[in-house]
Number of protein chains: 2
Amino acid sequence: MAFSFTEENYIKAIYKLGEMHHDAISTNDIAAKLATRAATVTDMLKRLSDKKLITYQRYHGVKLTEKGRKTALAVIRKHRLWEVFLVEKLKFRWDEVHDIAEQLEHIHSDELIRKLDQFLGKPKFDPHGDPIPDEKGVMRLSSSTRLSDANKKGRYILTGVIDHSTLFLRYLSDLKLKLGDELEVQAINEYDQSYKVMINKKHPEFLSKQVVTNILVQAIK
Amino acid sequence: MAFSFTEENYIKAIYKLGEMHHDAISTNDIAAKLATRAATVTDMLKRLSDKKLITYQRYHGVKLTEKGRKTALAVIRKHRLWEVFLVEKLKFRWDEVHDIAEQLEHIHSDELIRKLDQFLGKPKFDPHGDPIPDEKGVMRLSSSTRLSDANKKGRYILTGVIDHSTLFLRYLSDLKLKLGDELEVQAINEYDQSYKVMINKKHPEFLSKQVVTNILVQAIK
DNA sequence: ATATTTTTTTAGGCTAATCTAAATTTTAAA
DNA sequence: TTTAAAATTTAGATTAGCCTAAAAAAATAT
């Protein structure tokens, strides 16, 4: 039961779309996510349905089967473990690893992933703070919230990011902000929802609404 | 200038066939090496020729261009570096790594390979004793010979293997024989060219002609 | 030097994954 | 509730990579 590069990408896209709105996923959404055409997606949905990875009703979108969900989580597990490897061992920056992990996630070898996991010390989170599913496809759900949702003064730990773009990650790095750092919210501007924060008790910064919406934190104490 | 998985495999196969007889490579030999059909090979040769990776004359075989040679060596470099990673870091045995490296060798990222090389300490040989080409595609040629060619008593260091099959590598492991070990040839049977050797000054073994033909050594002193 | 065998190529087809254009179904608006 | 718009599917092509069968060229044997 090994799937193609392309099939795995469709399954992963469907899984990720399903994380938000967990009703059936539309053809158009999948096409947008994969930068392909709706007609192409329809073709593929038939094939994925034949392989029992999704349930598909013409004109009414698709859902992952249990088998599909397992497959998606296995690919996500591989992606995130490889990202840890690239950052921790090869010293890539967190904004450089996505494209390489996109390729590595499709290498087929259970033993490889078992040993890689071991080598990395069985990490629970990737370099962006995303949880890594275990061998069984179990992924602990995040107890983090967007900083914009915390919405009150106090001290927080940066635990993850939502936007994974190079531009955003570089911006955070430029602010000397990385996972595990402390953010003390000193003021929230009611007009534009920008935050005034102190980073690691050292330097004050202004974070726009867009930025605080894309940052995941846990309150301290 | 990135090539497909398949194109890279053809180029690698042509390079390897060219290492032995360095006249033009035949369609049939390529088909045999890749376990495909001659007609399929002919199709691909046209495409590789269009991409200037080979020079191809109908009915008269093919040769790699300089560009093709560089491409082959880059793939071989990746394959061998990944094998080092799998054995040294992930603790795979030397007979388990080939198939996984066959997949990893097609990951496209120069920076990845640069950093992997660094991480591994810029190794010069892979776990089977094969030399690793450098970034420029330069590969030092082996000063090793087949033990069968040494053909006289004396002490040798095991520096490599020719047969990379699981069966052969497992057999050597069972003899407690690995790269760097000492082999003292104590007698050569003139009838069947089998060798009586002492391994690491410890245990004596008989090695058949087939075995000594597939072992690379360097004489000590 | 000719005939036979082997090798290689061509011709024609298949599947996975993609596309555009047209048809169909669903949804939203008047 | 009919109609217009949006979403989706079908139809028909394309490309990469593969196949078999038949034709053509080269190598070998008589």
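All chains are named by letter (A, B, ...) in the order of the sequence lines, taking the proteins before the strands, and each is independently numbered beginning at 1. It should be emphasised that the depicted structure is a prediction, and the values quoted were computed from it without experimental measurement. Computation of the quantities below employed the complete heavy-atom set of this structure, encompassing side-chain atoms and omitting hydrogens, waters and symmetry-equivalent molecules.
- Residues A/V161 and A/F168 are in side-chain contact: their nearest non-hydrogen atoms beyond the backbone lie under 4.5 Å apart.
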Please list, one pair per line, the donor and acceptor atoms closer than 3.5 Å that link side chains of residues 30-45 of chain A to other protein atoms, with sequence neighbours excluded.
from	atom 1	to	atom 2	distance (Å)
A/T42	OG1	A/A38	O	3.1

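- Among residues two or more places apart in sequence or in another chain, the side-chain contact (heavy atoms from CB on, under 4.5 Å) test is passed with A/I188 by A/N151, A/V185, A/Y195.
- Rounded to a whole Å, the CZ atom of B/F3 is 14 Å from the P atom of D/dA16.
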Would A/S26 and A/N28 count as a side chain to side chain donor-acceptor pair (under 3.5 Å) here? Give the steps. CA-CA 5 Å; A/S26 78; A/N28 254 6; over 6 Å; no
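- B/H108 is listed as a side-chain neighbour of A/Q103, based on a closest heavy-atom distance under 4.5 Å.
- Look at B/S26 and you won't find any side-chain N or O under 4.0 angstrom from OP1 or OP2 of C/dT7.
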Heavy atoms under 4.0 Å is the rule here; annotate nucleotides 14-26 of chain C 5' to 3' with B where the base is hit, S where only the sugar-phosphate is, and - elsewhere. --SBBBBB--BSS
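- At a threshold of 4.0 angstrom between heavy atoms, the contacts of A/T42 include nucleobase atoms, whether or not backbone atoms are also involved.
- In terms of modelled atom types and a separation under 3.5 Å, the side chain of B/R77 and the main chain of B/P133 share a donor-acceptor contact.
- Taking 4.0 angstrom as the limit, B/Y56 places none of its side-chain polar atoms (N or O) nearer than this to OP1 or OP2 of C/dT8.
- In this structure, CG of B/L45 is placed 14 Å from C1' of D/dC18, rounded to the nearest angstrom.
- B/K209 is linked by a side-chain contact (heavy atoms from CB on, under 4.5 Å) to B/Q193, B/T213, counting only residues two or more places apart in sequence or in another chain.
- In this entry the distance linking CD1 of B/I25 with C1' of C/dT7 reads 15 Å, nearest Å.
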Could you run down the sub-3.5 Å N/O contacts of the protein with nucleotides 4-6 of chain D?
none

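- Two residues are said to be in side-chain contact when any heavy atoms from C-beta on lie closer than 4.5 Å; A/L172 and A/W94 meet this criterion.
- Remark: A/K46 is in phosphate contact with D/dT10, judged by side-chain N or O atoms under 4.0 Å from OP1 or OP2.
- For the pair A/K33 NZ and D/dA7 P, the computed distance is 18 Å after rounding to whole Å.
- The salt bridge (charged side-chain N to carboxylate O under 4.0 Å, His left out) contacts involving residues 7-18 of chain A comprise A/E7-A/K51, A/K12-A/E102, A/K12-A/E105, where partners must be two or more places apart or lie in separate chains.
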